[in-house]
Amino acid sequence: MPVISYIDAVTQALMEEMKRDPRVFVLGEDVGVRGGVFRATVGLIEEFGEDRVLDTPLTESAIAGVAIGAAAYGMRPVAEMQFADFIMPAVNQIVSEAAKIRYRSNGTWSCPLVIRAPYGGGVHGALYHSQSVEKIFTGVPGLKIVMPSTPYDVKGLLKSAIRDEDPVLFFEHKRCYRLIKGEVPVEDYTVPIGKAEVKREGTDVTVISYGLTLHFALQAAEQLAKEGISVHVLDLRTLIPLDKEAVLEAVAKTGKVLIVHEDNLTGGFGGEVAAVIAEEAFFELDAPIKRLCGPDVPAMPYSPPLEKEFMLNPEKIAKAIRELAEF
Amino acid sequence: MPVISYIDAVTQALMEEMKRDPRVFVLGEDVGVRGGVFRATVGLIEEFGEDRVLDTPLTESAIAGVAIGAAAYGMRPVAEMQFADFIMPAVNQIVSEAAKIRYRSNGTWSCPLVIRAPYGGGVHGALYHSQSVEKIFTGVPGLKIVMPSTPYDVKGLLKSAIRDEDPVLFFEHKRCYRLIKGEVPVEDYTVPIGKAEVKREGTDVTVISYGLTLHFALQAAEQLAKEGISVHVLDLRTLIPLDKEAVLEAVAKTGKVLIVHEDNLTGGFGGEVAAVIAEEAFFELDAPIKRLCGPDVPAMPYSPPLEKEFMLNPEKIAKAIRELAEF
Amino acid sequence: MSELKHTALGLSDEQVLDMYRYMLLARKIDERMWLLNRAGKIPFVISCQGQEGIQVGAAFALDREKDWLCPYYRDLGMVLVFGQSAKDQMLSAFAKKEDPNSGGRQMPGHYGDRRFRILTGSSPVTTQVLHAVGIAYAGKLEKKDHVVLTSCGEGSSNQGDWHEACNFAGVHNLPVIFMVENNKYAISVPLNKQVAGGDVSKRAQGYGFPGVKVDGNNPLEVYKAVKEAVERARRGEGPTLIEAVSYRLVPHSSDDDDRSYRAREEVEEAKKNDSLVIFRNYLMEAGILTEEKEQELNKQIAREVDEATDYAEKAPYPDPEETYKHVYA
Amino acid sequence: MSELKHTALGLSDEQVLDMYRYMLLARKIDERMWLLNRAGKIPFVISCQGQEGIQVGAAFALDREKDWLCPYYRDLGMVLVFGQSAKDQMLSAFAKKEDPNSGGRQMPGHYGDRRFRILTGSSPVTTQVLHAVGIAYAGKLEKKDHVVLTSCGEGSSNQGDWHEACNFAGVHNLPVIFMVENNKYAISVPLNKQVAGGDVSKRAQGYGFPGVKVDGNNPLEVYKAVKEAVERARRGEGPTLIEAVSYRLVPHSSDDDDRSYRAREEVEEAKKNDSLVIFRNYLMEAGILTEEKEQELNKQIAREVDEATDYAEKAPYPDPEETYKHVYA
Ligand SMILES: Cc1ncc(C[n+]2csc(CCOP(=O)(O)OP(=O)(O)O)c2C)c(N)n1
Ligand SMILES: Cc1ncc(C[n+]2csc(CCOP(=O)(O)OP(=O)(O)O)c2C)c(N)n1
Ligand SMILES: [Mg+2]
Ligand SMILES: [Mg+2]
């Protein structure tokens, strides 16, 4: 299997889905001629022309709203928000419209729309090019939220998202774009939305994570293995719908849980995961449920020492796992 | 002490704060001549004139954005969103601006702004006049989020919010407006932001709630007392900053916790509360942490049988408490 | 009714009579809903009264077989012309299971009907204006020649989404008709506190497409403007903005009391220009409507509304379990 | 440089020379930042190059003692005139503790300085346009007579917030100057795919206030337009929209590569109209600037930039614990 980068997996999925289905089109700021500011849509305009690879005006609410109209009509738009931070002007369209179209029309209309957005920090992006924004949407029924960590999952899940009958928010960690590489089949395949995956088997402590921190957790696990601590790592991959079964199974494996995400702690999705565990796997637990997350500050600062302080890393995670293991 | 309604407490707080501080002004749709569609701002324009009681154009992002500018300048704007559901177009201004002004300017600027919004269902408001929207904001550091349940708390907390140096979202349950009455002092007083309150002492099961469901919980507790079950009821009043101390104390009282809110379960604030308990009061627990919340559907439907199905009530809460008590 | 004659617009006597019938039907359904509301039978009404001329005039200028509507909550007249019935309205008002818009999930006035290419709408104003642009863009991709008409109130046209929609449609020259139904109030807020400059139609110049202001109390004038806009759109010449001026004859909704913010005299004055009065007179003068025909029409419509009310009142509610359906496919 | 003479505008020789000095200072700081970026010393630059004439022309027309700025990320020229120094810029570029805008928390170009009434800004475009309206409204409440100038790019002016801001300011006749710096590109997207109709200035008509389009490469023309707008505003006559046309001479930012979307010839052509070239020629022809004076000026500015760079490079970073400060009061 060829080894490709996380961002190439995005491009390949788009390319293949646009070939497969003429209803698929992409739209966003600079996605056409420029191929996206991260180059995720590179090569598409040459292949499919400017109508299907649409450089929109600088208006996120319009990107979402126009895509919603087109999706309700029967197309399969894939909208790009240039940075997840800039999804905010589109919140009304996403929350009030996309998420509610099926429900409010008693199932007679639908909104098969994908919104892709690069999120996350560690790239000197400062406050407004580093945020994790999933918490804004995880409480909004009607949306699906996908946050893959590997090229394989990116490609398979993006394809599933495009083929899904409902609106999917597809968040790509921008630090992973060129950092993370992995094997990806040449043949068409999909990864189902709503299924977590065990990325490492272990017996002492369970780490539940997604995105960049998932890789940090794997690195921490590798390190801790040498110290004799066996870490079980679950990659949520999809936040909504949450794969509760996989979560509960992973908890049962070790009885000790550390939930890790880059998004800030309070009000982050880790709270939901912890709550599910505290309700449904209470008797499996041998220790308090721990969360290790971004700090509760408005966003990640620019200055290197502050950015470093904000970001998680394998060492911070290893430390938290050790504490749990010793519990 | 005079007994007044929940909404009158809003009006009184506004009236008194506007008298106290000339920098305070209110703005929003229909807040002036009409006195607000719920009449929360009734009488203010007569007292303070149309400049300080400003009927704005129908533009929520502008209401928030103009208020933010005025607040940064040094005024004390109190903006009204006509319904909490319609705060969505203002999310960018609230999340990207209000919440981050102090932090991004290294403390040199601030945004002492209050945004009031009626939320919640049970009023035949259908999908878009019934939502609880706190979950959109509870994960956004820099904001404070207040959700009072009694006229006393409404008045005291709204005053605190107006005097606060940071942006406060002040959510008023619209079903409480005329339903809930209570004693309120004539003299000036405040209720501190960030302090929960035990609204009933008990020994068997702890219920943690806020808003309308707090009253349902109290009614359920009253009923259950007759059955011999003693219920401890904590009113969060402020969601952010969360009064962890009070939460942990309330948990310790009984060892059994039921978290109740009208907002839907998944991604709701109850998850955060449960996570805090599961981490910090794990050894106090005698049973799994239970949540009883609105269902995970996009919003509350209009048709009476569906609205009833969606809404919580004292019976549903009593049932959940009974189950926990018997655990 | 000025000089404008229906024949000059290519409308037959039958067609204008049909227009009047739709206007009257909309009015009578609306009036009935207020009665039902005041009798405690339905929780909420939001009215088309005063705007029937705009809605019916506009809808008649569209192709009801292929064009699309992204309407707003007052557009009862429009959705009737496109195919919805009095029964559909009453099922919605009573929030019954059979309501074709939402199965009783949404308030009345939240139209949405696949049968007639009426996109499902919501309460937050102006979101539909962007959806209309999306449907127009989809048509471009699929090489269809449908036109999309979307409407909102003059207050709502100040929302950011409206600007973004006009700009997007302008850049891509899309077949969208932006209709703004200026009824002079947004709940209690009058035009001068709402729309800077006072002229919504002028805003089109900033997007490089035509903007026209028409007398919304004259359905023929609206028809003419929309017809021209449809032709431009169909020829690939892009969007048109139409500001149709009328007056909201009743309170904002059944929850409103408009006495606190506008004088009764103003309302009474406006009633003289009610499109129903004006168009009736025109048809009478033209001999197309007679006292006799009118009686017949009134009877027919009354029956239609009665039957619809009856049917809807007796129709079943959705089951409580329906609450959990249609969250995802 | 057309007929427009500085003396006719009431500007002294000294003042125009000062304007030129600010333009040059902005350019030199900006150029230095690119060098530092390419040398791996600072992670990011976003440029004012090509827009100095707009920024300095505009700022000179304001009252630096009482007026307010809600600028955008390219407005280096503006903030320098209002009082920020080269050192301030370098402290920000190096993300050092002493950076007056944010203590190193924000990227360069995210201005904010209480000392000079420059409101703290963010990255999401156009939000500041509403803040400007709020500051103007606050002035009205407090019976102050400050004017607020807010600026953004032509792409950003399509955001909903821009429309809502213009409308709000128009309704309340507020002393706001909406400056749109049209540099023909929004990252890679050219004007014709961005601004329907192509004329931002025309949009003012839809809000009932004047909109003018000026040559942004001519600081005197910008000065004149802003001066008039300030006078209108101060007289209580409300907002003005000014579209100042220039060209973005460099890539969007240090992360961009503009070769993929625009021809080198186009950029070279634009350089001929660079406001620095044009204004320099004007001052030379007018005998206000001489080769000698220029050398002196260049030396002075080079020293200023050198010293600022040096200082900032050596200045301390904020402590990691600073991460947790200033979330709430
Ligand atoms: C985003 C949003 N904000 C507020 C409301 C509440 N609201 C409903 S209708 C209305 C007034 C609308 O006025 P206008 O656009 O002139 O339309 P009209 O009702 O007069 O036809 C308001 C404020 C809403 N539905 N959506
Ligand atoms: C809301 C938002 N969306 C997207 C971006 C990313 N972005 C930054 S600058 C820019 C282009 C701005 O173009 P224009 O307004 O013309 O200003 P210019 O950079 O040309 O001066 C974009 C898309 C952003 N900062 N904010
Ligand atoms: Mg209106
Ligand atoms: Mg530009």
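Order of the sequence lines sets the chain letters (A, B, ...), proteins ahead of strands, with each chain counted from 1.
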*Of all the heavy-atom pairs spanning D/Ile135 and B/Tyr73, show the shortest one and how long it is.*
CG2-CD1, 3.8 Å
*Atom group of B/Leu58 that falls short of 4.5 Å from chain D, counting heavy atoms*: neither
*For D/Lys41, does the NZ atom sit with more than 12 other heavy atoms under 6.0 Å from it, leaving out its own atoms?*
no
*Which pair of non-hydrogen atoms, one from D/Ser102 and one from B/Arg104, has the smallest distance, and what is that distance?*
CB-O, 2.9 Å
*Test item: D/Ser122 and B/Lys100 side chains (from C-beta on) under 4.5 Å apart, heavy atoms*: no
*asked:* Against the six-membered ring of B/Tyr103, is D/Arg105 placed for a cation-pi contact (under 6.0 Å from the centre, within 45° of the normal)?
replied: yes
*With respect to chain B, which residue among D/Asp99, D/Val129, D/Val171, D/Asp113 yields the maximal number of heavy-atom pairs within a distance under 4.5 Å?*
D/Asp113
*asked:* Are the side chains of B/Pro57 and D/Glu164 in contact, using a 4.5 Å heavy-atom criterion?
replied: no
*Between D/Gly103 and B/Asn106, what is the shortest heavy-atom contact and its length?*
CA-ND2, 3.6 Å
*Does the side chain of B/Asn92 reach to within under 4.5 Å of the side chain of D/Thr127, using non-hydrogen atoms?*
yes
*asked:* What's the separation between atom OG1 in B/Thr59 and atom CG in D/Asn167, rounded to the nearest 0.5 Å?
replied: 6.5 Å
_Between D/Lys140 and chain B, with a heavy-atom cut-off of 4.5 Å, which part of the residue counts as in contact: side chain, backbone, both or neither?_
side chain
_chain B contact via D/Leu141 - side chain, backbone, both or neither, heavy atoms under 4.5 Å_ = side chain
*Which atoms form the tightest heavy-atom contact between D/Ala329 and B/Asp166, and what is the distance?*
N-OD2, 2.7 Å
*Check each atom of D/Gln128 against the heavy atoms of chain B and say whether the ones under 4.5 Å are side chain, backbone, both or neither.*
neither
*Check: B/Ser61/D/Asp161 side-chain N/O donor and acceptor closer than 3.5 Å*: yes
_Part of D/Thr323 within contact of chain B (heavy atom distance under 4.5 Å)_ = both
*By a 4.5 Å heavy-atom criterion (distance strictly below it), what part of D/His172 contacts chain B: side chain, backbone, both, or neither?*
side chain
_Would you say that D/His326 contacts B/Ser105 through its side chain, given a criterion of any heavy-atom pair below 4.5 Å between the two side chains?_
no
_Greatest number of heavy atom pairs closer than 4.5 Å to chain B - which of D/Gly134, D/Gly139, D/Ser123_ = D/Gly134
*Could you give the distance from OH (D/Tyr328) to CD1 (B/Ile240), rounded to the nearest 0.5 Å?*
6.5 Å
*What heavy-atom pair brings D/Arg114 and B/Ala72 nearest, and what distance separates the two atoms?*
NH2-O, 3.5 Å
_Does atom CD (B/Glu245) have a neighbourhood of more than 12 heavy atoms from anything else shown, all under 6.0 Å?_
no
*So which of B/Arg23, B/Lys144, B/Arg52 has the biggest tally of heavy-atom pairs under 4.5 Å with chain D?*
B/Lys144
*Where is the tightest heavy-atom contact between B/Met75 and D/Ala138, given as atom of each residue plus distance?*
CG-CB, 3.6 Å
*Choice from D/Val148, D/Val133, D/Val327 maximising heavy atom contacts with chain B below 4.5 Å*: D/Val327
*Approximate separation, where rounding is to 0.5 Å, of B/Gln93 CD and D/His131 NE2*: 4.0 Å
*By a 4.5 Å heavy-atom criterion (distance strictly below it), what part of B/Asp51 contacts chain D: side chain, backbone, both, or neither?*
both
